[in-house]
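Here's the structure we're looking at; comments come further down.
Residue numbering restarts at 1 for every chain, and letters A, B, ... go by the order of the sequence lines. The analysis underlying the following values was restricted to heavy atoms, covering all of them including side chains, and did not include hydrogens, waters or symmetry mates.
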2 protein chains.
Amino acid sequence: MAQGGGGTRHQGGIARADDATLGDEALRGIVALLRSGELKPGAIVNEAELAKRFGMSRGPVREAVRRLEGRKLVVREAYQRARVVTLDRAAIVGIFELRECLEGMACRLAATHMTDAALERLARDTERAGTRNAFTVDYRFSFHQAIVDGCGNARIGTVLAQEVYDLVRLYRWSSGALPGRAGAAPAEHRAIAAALRKRDADRAEALMREHVRRSMQMVVTA
Amino acid sequence: MAQGGGGTRHQGGIARADDATLGDEALRGIVALLRSGELKPGAIVNEAELAKRFGMSRGPVREAVRRLEGRKLVVREAYQRARVVTLDRAAIVGIFELRECLEGMACRLAATHMTDAALERLARDTERAGTRNAFTVDYRFSFHQAIVDGCGNARIGTVLAQEVYDLVRLYRWSSGALPGRAGAAPAEHRAIAAALRKRDADRAEALMREHVRRSMQMVVTA
DNA sequence: GCCGCGCAAAGTGTCAACACTTTGCGCGGG
DNA sequence: CCCGCGCAAAGTGTTGACACTTTGCGCGGC
């Protein structure tokens, strides 16, 4: 009806690759900046600057920043500028406590909901990762991700992604890089996969919780 | 510097009571509409209409709706209008599974973090609620709330509030209204309070999880 | 030489207007 | 009488401009 003022959808210069809205694009752009490390924790998020950079108006950028606030990747300073969140020790512990109970629950549910084929494949991949030097970030991601995806509760996955994984990525806690961790984790993964294959929900949950708790200690004591 | 276009902060008519931003006010207003039942699940959320109603421009309303999307109280239909979320049986189960593990964890943490005085008071209030006809919505809210608040992990409380309680309120699941539930729940509460007072984290968590699981069954089988 | 005041600059909050997309209804053909 | 086409209406996406608030720096007084 009446709105776009600018109405510059295809006029502004760069054409959008996909059909998503500019707000979505801004969101992806900012997240990319966070992951690339260009926007570090504590850095100020400037609407106008980002708008200029992305070749759009402040509106969509503002919307994206607000959404990131909802995901707690950005905090607002009183009445003023937005900053990339900074986490103290207590906040880190809190995040891992959240992760512990969520991934534990996902594991419990996965013991019931995942198919035999999926569990078989999980066990195989886990085995391979332990014997080789394949304990990469990608692999670990896929192990936890496979369980969360297979647990049958998408909401748990969403919460984990937004409240935990994004923040973990922001701080680059690759606990696997810590000495001794890369050696212990594969064994724990194998034990979890084994419990899942036996459909032992209680044991799978307990093992996963312990696994997460251990990786927290690696991060916190570092 | 340059912004308000409208610049109608105090000109538009109604003066804002507090110092919060209009976007915050719009958010509160929409949540109030949800709680009052005027905006039912499945209802269309119209930016312009709400803007007119709240006496503000579409901008802040839009922002509020986007934030509610982040809280999953509102879903966006493809490219189009926003709707109040509707939940099927699977979604309801998912929400209670989330609640189970989060409140369970909160309970575990509370067993360590809450002060003796706070636990004493919790036990006293719980006792009173069981013996009288005081098993009201307010009371139950305060029981669970006291534990979550006292667990020392604010993030768990935030997630619960946004991912669970808001949705529960939206659907008015007062499981206490179901026959037999008002009788069983107080006893379960007392057992949880007792375990907390003994600082028995494992038992407190297990009892709380069972408690939540039972109230889910009341809702789902109804 | 140091502290406080005041002004300029930067940044966010808000608005009205315009562009684009989808929906819904009426009209004509079959 | 039913179906499909096209146009009007409604709604969201986006923009540039203006209001208000905070920050930071320079200047003058002490």
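Counting any heavy atom pair closer than 4.0 Å across all strands shown, A:Gly59 reaches a base atom. Here A:Val45 lies in heavy-atom contact (under 4.0 Å) with sugar-phosphate atoms only.
Using a cutoff of 4.0 Å between basic side-chain nitrogens and carboxylate oxygens, A:Arg124 and A:Glu120 are not scored as salt-bridged. Residues B:Glu63 and B:Arg66 are not paired through a salt bridge, judged by the lack of any N-O separation under 4.0 Å between the basic side chain and the carboxylate.
Taking atom CZ of residue A:Arg83 and atom C1' of nucleotide D:dT22, one finds them 13 Å apart after rounding to whole Å. A:Glu63 places its CD atom 11 Å from the P atom of D:dT15, with the value rounded to the nearest Å. Atom pair A:Arg62:CZ and D:dT15:P shows a separation of 14 Å (rounding to whole Å applied). Across the protein-nucleic acid pair, A:Glu49 atom CD and C:dA9 atom P stand 19 Å apart, rounded to whole Å. A:Arg58 has its CZ atom 12 Å from the C1' atom of C:dC15, to the nearest Å. As rounded to whole Å, 15 Å separates atom P of D:dG16 from atom CD of A:Glu47. If you measure from atom CZ of A:Arg76 to atom P of D:dT22, you get 14 Å, rounded to the nearest angstrom. The separation between A:Leu22 atom CG and D:dT12 atom C1' is 13 Å, rounded to whole Å.
The side chain of B:Pro60 sits closest to C:dC15 out of D:dT12, C:dC15, D:dT15. For B:Arg81, taking side-chain heavy atoms from C-beta onward, the closest of the listed nucleotides D:dT15, C:dC15, C:dG24 is C:dG24. For A:Met56, the side-chain atoms get nearest to D:dT15 when compared with the rest of D:dT15, C:dT14, D:dT14.
Across the strands present, C:dC25 finds its partner in D:dG6; the criterion is a Watson-Crick or G-U wobble pair with both atom distances under 3.5 angstrom.
Every side-chain contact (heavy atoms from CB on, under 4.5 Å) that B:Met114 has, sequence neighbours left out, goes to B:Ala110, B:Ala118, B:Leu119. Judged as a salt bridge (Lys or Arg N to Asp or Glu O under 4.0 Å), and not counting sequence neighbours, the contacts of A:Asp24 are A:Arg67.
In the displayed structure, A:Arg53 atom CZ is contacted under 6.0 Å by at most 12 heavy atoms of other residues, nucleotides or ligands.
Between A:Thr21 and the phosphate of D:dT14, there is a side-chain N or O to OP1/OP2 separation shorter than 4.0 Å.
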